[in-house]
Amino acid sequence: MKLLAIDSSGLVAAVALLDGDILVGEYTIHNKKTHSQTLLPMIAAMLGMADISIDEVEGIAVAEGPGSFTGLRIGASTAKGLAQGIHVPIVGVPTLEGLAYNLAGADALVCPMMDARRNQAYYGIYDVKEAVPVVVEPQAAASIEDVVKKVNALERPIIFIGDGVPVFREYLESAVTVEYRYGADSVRYQRASSVASLGRLYFEQGKAVPAEQFAPFYLRMSQAERERLENITGGNRS
């Protein structure tokens, strides 16, 4: 199965092409351009270098969230547009699970964390010894203080990865009481190859959906939605 994978849930834009169990190509960019500017040119360049037509793609895997609201929308709309054009299904891969898969085989717990602003992180805790990350703490949005409490309570060595690491590093180093380390730069951020590998497993498990049914998973309301709700609530109180 030729599977195209897309991840634009965070700071990086990443695409990959998997053919069976062979990673044919992967393209990652981390710059200040918006993902709407980069994703389609990256896909075209990768497929061109692989000498594979978009019509040969049999399915699309996409990081479904949580993450950047704008990034998730761009990834979802790109995946849906392509999938509808070539009549293939989409499978969603939880962003944090994809991040954890970057360290598949590690004999430690992995805590991927993404900066969710307001001193909060999107995080989860996973055991990655097996073929698919096993959830120890389900993905959630929480204060960094609550994240560290969960980590310390497990009393097991842990590896931190994700764009939240540089944001919260000072606090982690002052508050984490278990043995810990940081993932290498090469595995810190989202990788579309991980989304592709998990996506292939999920396709085999029958989790794919028609393109029109796919939707990103935001986990919490956007800032604009929160502000609108606060305004409404404030208006009702007055």
Side-chain angles (χ1 to χ4, degrees), residues 6-14 28-36 38-39 62-77 92-103 109-126 128 133 135-154 158-176 178 180-183 185 187-192 194-195 198 215-231 233:
I6 297 170
D7 193 329
S8 59
S9 60
L11 297 177
V12 303
T28 301
I29 191 75
H30 186 172
N31 61 15
K32 294 183 179 180
K33 291 184 178 179
T34 65
H35 297 330
S36 60
T38 56
L39 276 183
V62 61
E64 67 180 8
S68 158
F69 286 82
T70 301
L72 292 173
R73 290 184 183 114
I74 292 170
S77 61
V93 174
T95 300
L96 296 168
E97 196 166 308
L99 264 169
Y101 192 85
N102 291 356
L103 289 170
L109 298 181
V110 175
C111 179
M113 58 169 62
M114 301 173 68
D115 182 16
R117 311 298 181 188
R118 296 187 174 189
N119 202 45
Q120 289 194 325
Y122 297 122
Y123 86 105
I125 301 176
Y126 301 86
V128 294
V135 176
V136 176
E137 284 290 337
Q139 60 184 14
S143 69
I144 187 59
E145 292 84 3
D146 286 344
V147 174
V148 170
K149 286 178 184 176
K150 292 286 188 180
V151 168
N152 290 340
L154 292 170
I158 199 156
I159 303 172
F160 292 105
I161 57 173
D163 62 41
V165 169
V167 176
F168 300 115
R169 186 167 186 151
E170 184 176 346
Y171 183 78
L172 294 174
E173 293 176 353
S174 69
V176 176
V178 298
Y180 72 93
R181 61 188 189 273
Y182 303 115
D185 293 343
V187 295
R188 176 183 297 170
Y189 298 103
Q190 284 86 340
R191 296 190 60 177
S194 292
V195 174
L198 284 174
F217 176 64
Y218 297 115
L219 192 59
R220 69 176 192 183
M221 293 185 293
S222 69
Q223 182 175 344
E225 290 170 329
R226 289 196 303 271
E227 290 175 351
R228 185 163 57 249
L229 181 60
E230 287 168 3
N231 289 336
T233 303

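Side chains are part of it too, since the values below use all heavy atoms of this structure and drop only hydrogens, waters and symmetry mates. One-based numbering along the sequence shown. Model, not experiment: these values are computed from the prediction.
Remark: R73 qualifies as a cation-pi partner of Y218 under the 6.0 Å distance and 45° angle criteria applied to the six-membered ring.
Of all heavy-atom pairs between T38 and A13, the closest is OG1-CB, 3.6 Å. When all heavy atoms of G67 and L72 are compared, the pair lying nearest together is N-CD1, 3.6 Å. Across all non-hydrogen atoms, the minimal contact from M113 to F168 is SD-CD1, 4.0 Å. Nearest heavy-atom pair across Q139 and P94 is OE1-CB, 3.9 Å. Here the closest non-hydrogen pair linking Y180 and L172 is OH-O, 4.3 Å. Of all the heavy atoms in V167 and D115, the pair that sits closest is CG2-OD2, 3.8 Å.
Taken from CD1 in I6 to OG in S77, the straight-line distance is 9.0 Å, to the nearest 0.5 Å. Annotation: the span from F69 atom CZ to L219 atom CG amounts to 8.0 Å, rounded to 0.5 Å. To the nearest 0.5 angstrom, T34 atom OG1 is 9.0 Å from L39 atom CG. The CD atom of Q190 sits 8.5 Å away from atom CD1 of I161, with the distance rounded to the nearest 0.5 Å. Separation of atoms CG (L11) and NE2 (H30) is listed at 4.5 Å; rounding is to 0.5 Å. For the atom pair OG (S68) and CE (M114), the distance works out to 7.5 Å, reported to the nearest 0.5 Å.
In this structure the side chain of L154 never reaches within 4.5 angstrom of the side chain of V178, judged on heavy atoms. Between Y126 and L109, every side-chain heavy-atom pair lies at or beyond the 4.5 Å cut-off. Side-chain contact check for R191 versus Y101: every heavy-atom pair is 4.5 Å or farther apart. N152 is listed as a side-chain neighbour of V176, based on a closest heavy-atom distance under 4.5 Å. Looking at heavy atoms from C-beta onward, P133 lies in side-chain contact with L198 at the 4.5 angstrom threshold.
Atom CD of E170 has 12 or fewer heavy atoms from other residues, nucleotides or ligands within 6.0 Å.
A distance-only check finds no donor-acceptor pair linking the side chain of D163 to the backbone of Y189 [under 3.5 Å]. Proximity of a side-chain donor or acceptor of H35 to a complementary backbone N or O of A14 within less than 3.5 Å is not detected. For the pair S8 (side chain) and G71 (backbone), a donor-acceptor distance under 3.5 Å is present. Side-chain N or O atoms of N119 include none that pairs as donor or acceptor with a backbone N or O of I144 at under 3.5 Å. T95 contributes a side-chain N or O that, together with a main-chain N or O of P66, makes up a donor-acceptor pair within less than 3.5 Å. Of the possible donor and acceptor atoms, none in the side chain of D7 sits under 3.5 Å from a partner among the backbone N and O of L99.
Applying side-chain contact (heavy atoms from CB on, under 4.5 Å) to V110 and the options L103, N102, L96 leaves one that passes, L103.
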